[in-house]
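Have a look at the structure below before the remarks.
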Amino acid sequence: MKAIIPAAGLGTRFLPIAKAVPKEMLPLGDKPVIHYVVEEAAAAGFDEILIILSRGKECIRQYFSPNSDLENHLEAAGKQAALETVRRVSSMARIEFAYQEKMRGLGDAVKIGREFIGSEPVFAVLLGDTVMQHSSPLPAMVAAWRSRHKPSVCLEPCPEDRVSRYGVAGGREIGRGVFELSELIEKPAAEKAPRLQSENGTPLSCHAFAARYLFTPDIFDCLEKTTVGFAGEIQLTDAMEQLRQKTGMLGVTWPGKRLDIGSPAGLIEAARALER
Ligand code: G1P
C-alpha cells in the first residue's frame with residue numbers, strides 16, 4: 001500500500017535550529033523523528049512512500065538514501081552491527097521524494113502526491129513531525145475501511161482550551177472507537193468546536209485530528225476545489241469536509257497516544273515518553 005508523508009513545513013517553532021536541521025530530523029533517542037514515521041507506515045503495510053519536502057530539507061532525502069561510502073567503510077572495518085543499522089534505514093520502505101515549491105499549506109502538500117497514488121483504492125497520510133507512542137492507529141483505520149468502505153481520520157481527546165490548535169471533528173459512535181463524522185473544522189474557537197457523541201447520544205469530550213489519515217483518491221478532486229482557508233492556506237481539513245459530504249468519513253480512536261513534538265518542550269517530553 002502507498003502513503004504520503006508531508007514534511008515540507010518551515011518548522012518556525014524550532015528556529016533557529018530549523019534553519020539548518022529540519023524539525024523532522026531532530027533526534028528522539030538515536031533516530032530522527034521521521035524515522036519513526038516511516039517505520040510506523042511500513043509496519044502497517046504502507047511500504048511505498050512519497051515524502052513531500054521543501055528546498056533546504058534535502059538531508060531527509062539523504063537520510064533515507066543508501067550511502068555506499070559509509071557502508072563500504074563499515075564493512076571494511078568489520079562493524080557489522082553498525083552496517084546493518086545503516087542499511088535498515090534505506091530498506092524499511094521504497095521511498096520517493098517530491099517538492100512543495102511554495103508554502104501553501106498541508107492540503108497543497110498532499111495534492112502533490114496525486115500522480116504517485118494513481119488508482120490505489122486507499123492510501124495513508126502520516127504527518128512527518130508526529131510520532132505515535134504505544135501503537136499506531138493505522139491498523140484500526142485499515143480495518144474500518146475494510147468493513148465500512150469509508151476514509152478516516154485518527155482522533156484523540158483534546159482539552160477544550162487547546163482545540164484552536166487542531167482540526168476537530170463532530171460525529172456519532174457507530175462501533176467501538178469508530179465514529180461517523182458529521183462536521184470537520186480546522187482550528188475552531190473553543191465555543192465553536194464540534195463534539196463527538198456516544199452511540200446513545202451522550203456528548204463526549206472534544207476530539208482532534210491526530211496526524212494520521214486514510215483517504216480514497218477522491219480527496220484529490222476535493223483538494224483541487226479547496227480555496228484558501230484558515231491562515232490563508234489550503235487546509236487538508238477543508239477538503240476532508242468535502243470528502244465527508246461526498247462519501248462519508250469516519251473518525252477512529254486507538255489506545256495509543258500522539259506525541260506532540262510541535263515545540264522544543266514537546267520534543268523533550270516525547271524523548272522521555274519513548275524511554276519509558
Ligand atoms: C495539522 C492539521 C490539523 C491537525 C494537526 C495535528 O495542523 O492541519 O488538522 O490536527 O496537524 O495532527 P498543524 O499542526 O500543521 O498546524
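One-based numbering, in listed order, for ligands and for the atoms of each.
Scanning all protein heavy atoms for the shortest distance to atom 6 (C) of ligand 1 gives Phe209 O, 3.6 Å. Atom 11 (O) of ligand 1 has its closest protein heavy atom at Leu127 CD1, 3.3 Å. Among protein heavy atoms, the minimum distance from atom 7 (O) of ligand 1 is reached at Lys187 NZ, 3.3 Å. Of the protein's heavy atoms, Glu186 OE2, 3.6 Å lies nearest to atom 2 (C) of ligand 1. Of all protein heavy atoms, the one lying nearest to atom 5 (C) of ligand 1 is Tyr166 CD2, 4.1 Å.
Against a heavy-atom cut-off of under 4.0 Å, Thr237 is close to the following atoms of ligand 1: 9 (O).
Between Glu40 and Arg212 there is a salt bridge, since a side-chain N of the basic residue sits under 4.0 Å from a carboxylate O of the acidic one. Ion pairing between Glu156 and Lys257 fails under the 4.0 Å rule for side-chain N and carboxylate O. The residues Arg87 and Glu75 are annotated as salt-bridged, a charged nitrogen and a carboxylate oxygen being separated by less than 4.0 angstrom.
The cationic group of Arg172 does not satisfy the cation-pi geometry with Phe179, failing either the under 6.0 Å distance to the six-membered ring centre or the 45° limit from the ring axis. A cation-pi contact links Lys2 to Phe116, judged by a cut-off of 6.0 Å to the six-membered ring centre and 45° from its axis.
At least one N or O atom of Ala211, backbone or side chain, sits closer than 3.5 Å to an N or O atom of ligand 1. Between Ala210 and ligand 1, no N or O atom pair is found at a separation short of 3.5 Å.
Remark: atom 14 (O) of ligand 1 lies closer than 4.0 Å to no protein heavy atom.
Using a 30° and 60° split on the angle between ring planes, Phe215 and Tyr213 fall in the parallel class, below 30°.
Here CG of Asp221 is found 10.5 Å from OG1 of Thr226. Values are rounded to the nearest 0.5 Å.
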